[in-house]
Structure formats: structure tokens, C-alpha cells
Amino acid sequence: MRPATGATLLLVLPFALLASSPALVSAQAVTGRTVIEALEFEPLVFEQPSADRHEVDGIEILLLEDHTLPLVSVYAYFRGGYGLFAREDYAVAMGLPSMLRYGGTTRLEAEVVDETLEYFAIQASFGSAGSSITSTINSLAEHLGSALDLWGDMLTSPRFDEAEIDAWKGQQLESVLRRTDDPARLAFSEFNRLMYGDHPIGWEFESEDFAPDRVTRERFLDVHSRIVCRENLVLGVTGDVSWSEAEPLMRALTDRLAPCATTLPEAPIPDVRRGGGVFVIDRELEQAVIVMAHATDVRLSDDAAFYSATIGNSILGAGGFSSRILARVRTEEGYAYSASSVWTMPRRHEGILGAITRTRPESAIPAIEVILESMAEMKEAPPTEEELSTTVDQIVNGFVFNFGTASQIVSRSMFYLAQDLPDDWLERYLRGVQSVTPASIQRAFLENLNPDEMTILIVGDVDRIGREALAAFGPVSELEVR
């Protein structure tokens, strides 16, 4: 009987011959290896793409052309955020991005804005951080003019509709009431309150923030006028557009922005908590959430201490499965599925150094002990060369992925510009981590790690954890959650 296709014989016959001829297999393997080893390639050269810098009436604009698709994205970064305002303006400053997106404009009601975005297939997003408000639009190149006209309305002429404000306020009040439902969210928010006190980093929405005199259309208009104005703005553009095409559109957009009426204040410097201690929030839960840290003064800067702390933190617990804390807590002891170290290094004020994990109440105390032991070991001896090379290689080998898209490049460059970092910060960072040594990592921990000063917060079943045993880590206090 004939085979169904000749392909079957073509695949099977060589396999049968090779299987019955070991010498032939060996000869072909040697020949194949010889050919492969003899191959020569031109060395790979990575040319780092960068955005072009332009200026329109004092506003800096970064442009990176990308003509692979007929799409254009425009990014706005406004200096100013909830962290620069008094507590009575906290809710309004936090709600500003939502109102810009969903509150309509003086020319168009909210429903019409949504319909127009959908009609032109425009994607629009708005966000907030402690010191900035950001927004992005993405549009087909052929509709860019229409997209910018609508986006300009949303940014510069918001309606701040009272009904939309009331709807947003109701959503936030519901979130306040449900804040204690999520143990992890509760732990992180209360820990921030402990460490940073009455500072924007430690703030969480409370019912008083939504008092009738605090959330009004007039307050939204006031905060908006102090943030969304010319002197606070940095713009970025990527996609299928040249500068000759983009410049008149950018000029038309920036002409709609009013000058800033007042200068924004500097961000307040937090007074980070010191003194250690154990704080518990008693909840009948099957898992305890543990957050611990103390103040440290390593800053984001082109400095050996910053690079050593960054690599050291990755080796200690931020580097995933290869890090020490996770290896001890999960792999060796089986106390928790995840555990990580945290070392924040802000640009202008102190950060914190510590760790987080979740575990069964009965395992909470031994898990804390293992984490503290892992931290202490970073002071007692430098990490191995293998640990260092593995961590640095991960960063170096992933360097090219920082340039995967034009939007990555431009948005990062805008952040550097707003933070007064040098344009070549990423290259400096790469050189800096490559200069780290085991000795410099140990020195970073010797100078900054103080396990005895840890503030430890636990959300969990205190009876199952062991009230008396917790006292081994410092004075124990029970927190009443508002």
C-alpha cells in the first residue's frame, strides 16, 4: 500500500538510518558543530535612541518619531500634586485627574466627551502622584488635530459638573468605609501613617476630607488653576509625526494654557519615625500581614552609596527567587509564599529600609526572626561574587528593554527632566551598578541597617501569633483603626 504522502517517508527514513548508524550520528554531529563554531558575525552595536528636545514659548517638548504605525501619543506632565497642598485640599487634589477625564468641559458635557473619544478612537488617561499630574492621549495620526483640540478642552476648560463631583465623592466615601476589608491595604496604609505621620505620604482618605466645604466646584477650580498652567508643563510626543507637523499643533495647545497664578510650594520634608516597636491590629485572619522598616538616608543620586544600596537590596530580598529573604522564608523554612525587602531612596528626603511578608499567625514570629537574621548577615559579611554578578547581569542584560518603545523613552526622559536628573541618567545608572563591589554593599548595610530600630506592624490574630512573644522585638502597642 502506498503511503499517504511522500513527506512521511522523508521524515521517517532518515531517523531510521540514523538510529541504526551511531557512527553516522557522531560524524554528522562533529561536522555540524564545526560548521557552527566557524560561523562569524558582525559585533552587535546598540545605538540608544533618544528624544529630540524642542521649546515652544518656554515649554519644553520632547519628540521621538516612530513611523511604524499611523499613531501618535502626546504626554503632559504638570508639576504639582496632592503632596504640595494642605490637608483641606487633599481630596480635591487627588480627585482632579478623575474630574478632568470624566467631568466634561465648559463646551461639552461629559457624555459628549466620551462619545467624541469613541468616535475618533482616541485613548485618554489621567493620573496623579504626590508631586505631579499626568495625562496622555493616543490617536490616529490623521485625527491628531481633533484629538488635541478635545484634549486641550479637557485640560484647560474642565466643567467640574456638580453631579460628577458628587458621584466621585460617593465612590471615595465607599472606599473609605471598605478600607479595613483588605488586610494588606490596611497594613500598608497604617504603616505609612506610623512612619510618616501628618505628611502626604502617610495620608489616607477619611470622612472629614469630604466635608461639604472641602469638596466643592470652587475648590476644584482653584487647585486646577495652580497646577494646570504653563510654567508647570513638560510635553512629550511620539509616533508618526515630524516636528514640522507637530510644532503648530503644540503651539495651539500651549496657547490655551494660562500662566501660573502662583508658584507651587516645595514638597514638605517628612519627619520619618524612629524608635522601633511593635504595633498590632488584631484581626481574626488565617494569614498575618507583616510590614517592618526603619528610616534611612540614602538618596536617589549619582552616588556610590545609592548604587550599592540598590544592588544590596536586590540581593537581600527585592530580587525575587535569587534573593536571600525569599530563599530563607519560602524555600528553606516554608513560612510564606512571598517575602521581600524594601529600600526606598527618594530624591529629596529620607526613605525606609525593611521587609514585608504574609504568613500563618503561628509562623509570624519565626518569619520575623528569619528576616532579621538575613538582614544582619548583610552587615556581618559581604555578599558573594556570584550573588553580585547575578544581580548586576540581570540589570545589564535587561538594559535594552528600557528602549522597547518610543513611549518608554519619552515618558522616562520627561520624568528625568521634571526631577532635575541628567538626560543620561540611565547610562549613569548602568555604569554605577557595574562599579558596585561586595565590600561597598556590606558598607552600605553597615552604615544604614539597624535591625533593633525596626518599626514592625502586624495585621492578624494576635492570640495565635503570641502577645508575649512579640515583646522580644520591642514594646507592643495595639492600634485602633479609624
Side-chain angles (χ1 to χ4, degrees), residues 76-106 109-110 113 124-135 154-182 184-229 232 258 260-271 349 479-482:
Y77 182 108
F78 290 96
R79 300 177 183 89
Y82 65 85
L84 306 184
F85 290 85
R87 182 68 196 232
E88 56 264 27
D89 289 318
Y90 176 53
V92 167
M94 285 285 285
L96 180 59
S98 181
M99 287 298 101
L100 293 177
R101 170 59 185 88
Y102 298 107
T105 73
T106 55
E109 294 184 354
V113 171
S125 63
F126 294 78
S128 175
S131 59
S132 65
I133 295 289
T134 58
S135 182
M154 297 168 75
L155 288 171
T156 65
S157 305
R159 179 183 292 257
F160 293 131
D161 184 84
E162 296 282 2
E164 293 292 339
I165 292 174
D166 288 342
W168 174 81
K169 184 164 68 172
Q171 292 172 352
Q172 303 312 311
L173 282 168
E174 176 68 17
S175 178
V176 170
L177 296 176
R178 299 178 64 87
R179 184 171 67 90
T180 60
D181 294 349
D182 183 345
R185 179 187 172 192
L186 176 62
F188 296 141
S189 64
E190 289 300 317
F191 187 79
N192 282 338
R193 193 195 303 272
L194 268 176
M195 295 301 291
Y196 295 101
D198 188 20
H199 183 275
I201 299 176
W203 290 349
E204 286 279 343
F205 276 151
E206 298 177 0
S207 299
E208 305 89 78
D209 292 318
F210 301 97
D213 63 327
R214 287 193 176 188
V215 183
T216 65
R217 183 173 187 275
E218 289 70 27
R219 279 191 178 268
F220 270 107
L221 286 168
D222 176 62
V223 171
H224 172 264
S225 69
R226 297 167 65 185
I227 295 177
V228 184
C229 49
N232 293 341
C260 297
T262 59
T263 302
L264 287 169
E266 291 291 327
I269 302 299
D271 182 15
H349 59 77
L479 292 181
E480 292 295 331
V481 178
R482 291 176 287 181

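Predicted model only: the values in this text are computed from it and were never measured.
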Heavy-atom side-chain proximity of His224 to Leu100 below 4.5 angstrom: yes
Cys260 side chain near Asn232 side chain, heavy-atom distance below 4.5 Å: yes
Reported CD1-to-OG distance for the pair Ile165 and Ser98, which is rounded to 0.5 angstrom: 10.5 Å
Flag, side chain of Arg217 to backbone of Arg159, donor-acceptor distance under 3.5 Å: yes
Crowding at CG, Asp182 (>12 non-hydrogen neighbours, <6.0 Å): yes
Side-chain (Arg219) to main-chain (Asp213) donor-acceptor, under 3.5 angstrom: yes
Minimum side-chain heavy-atom gap Arg179-Ser189 below 4.5 Å: yes
Contact summary for Val92 and Val215, nearest pair of heavy atoms: CG2-CA, 4.1 Å
Side-chain donor or acceptor of Asp209 paired with backbone N/O of Ala91 under 3.5 Å: no
Reported CD-to-CG distance for the pair Glu190 and Leu479, which is rounded to 0.5 angstrom: 6.5 Å
Minimum side-chain heavy-atom gap Tyr82-Val223 below 4.5 Å: no
Glu218 CD: over 12 foreign heavy atoms closer than 6.0 Å: yes
Least distance between heavy atoms, Ile133 atom then Pro97 atom: CD1-CG, 3.6 Å
Check: Ser125 main-chain N/O paired with Ser135 side-chain donor or acceptor under 3.5 Å: yes
cation_pi(Arg193, Trp203) dist<6.0 Å, angle<=45: no
Side-chain heavy atoms of Leu221 within contact of Phe160, under 4.5 Å: yes
Residues Asp89, Arg214; criterion salt bridge (Lys or Arg N to Asp or Glu O under 4.0 Å); working and verdict: CA-CA 7 Å; Asp89 289 318; Arg214 287 193 176 188; over 6 Å; no
List the atom pairs, donor and acceptor, that lie under 3.5 Å between side-chain atoms in residues 168-176 and the rest of the protein, sequence neighbours left out.
residue	atom	partner	partner atom	Å
Ser175	OG	Arg185	NH2	3.3

OG1-CG distance between Thr105 and Asp161, expressed to the nearest 0.5 angstrom: 11.0 Å
Residue pair Asp271, Met195: steps toward the side chain to side chain contact (heavy atoms under 4.5 Å, CB included) verdict: CA-CA 8 Å; Asp271 182 15; Met195 295 301 291; over 6 Å; no
Output field: ring centroids Tyr102/Phe126 closer than 6.0 Å: no
Shortest non-hydrogen contact between Tyr196 and Pro270, atoms and distance: CD2-CB, 3.7 Å
Nearest heavy-atom neighbours spanning Ala267 and Leu84: CA-CD2, 3.4 Å
Heavy-atom pair with the smallest gap, counting every atom of Glu164 and Met99: O-CE, 3.6 Å
Heavy-atom check, side chain of Ser132 versus side chain of Phe78, under 4.5 Å: no
Heavy-atom pair of closest approach, residues Pro268 and Pro200: CG-CD, 4.1 Å
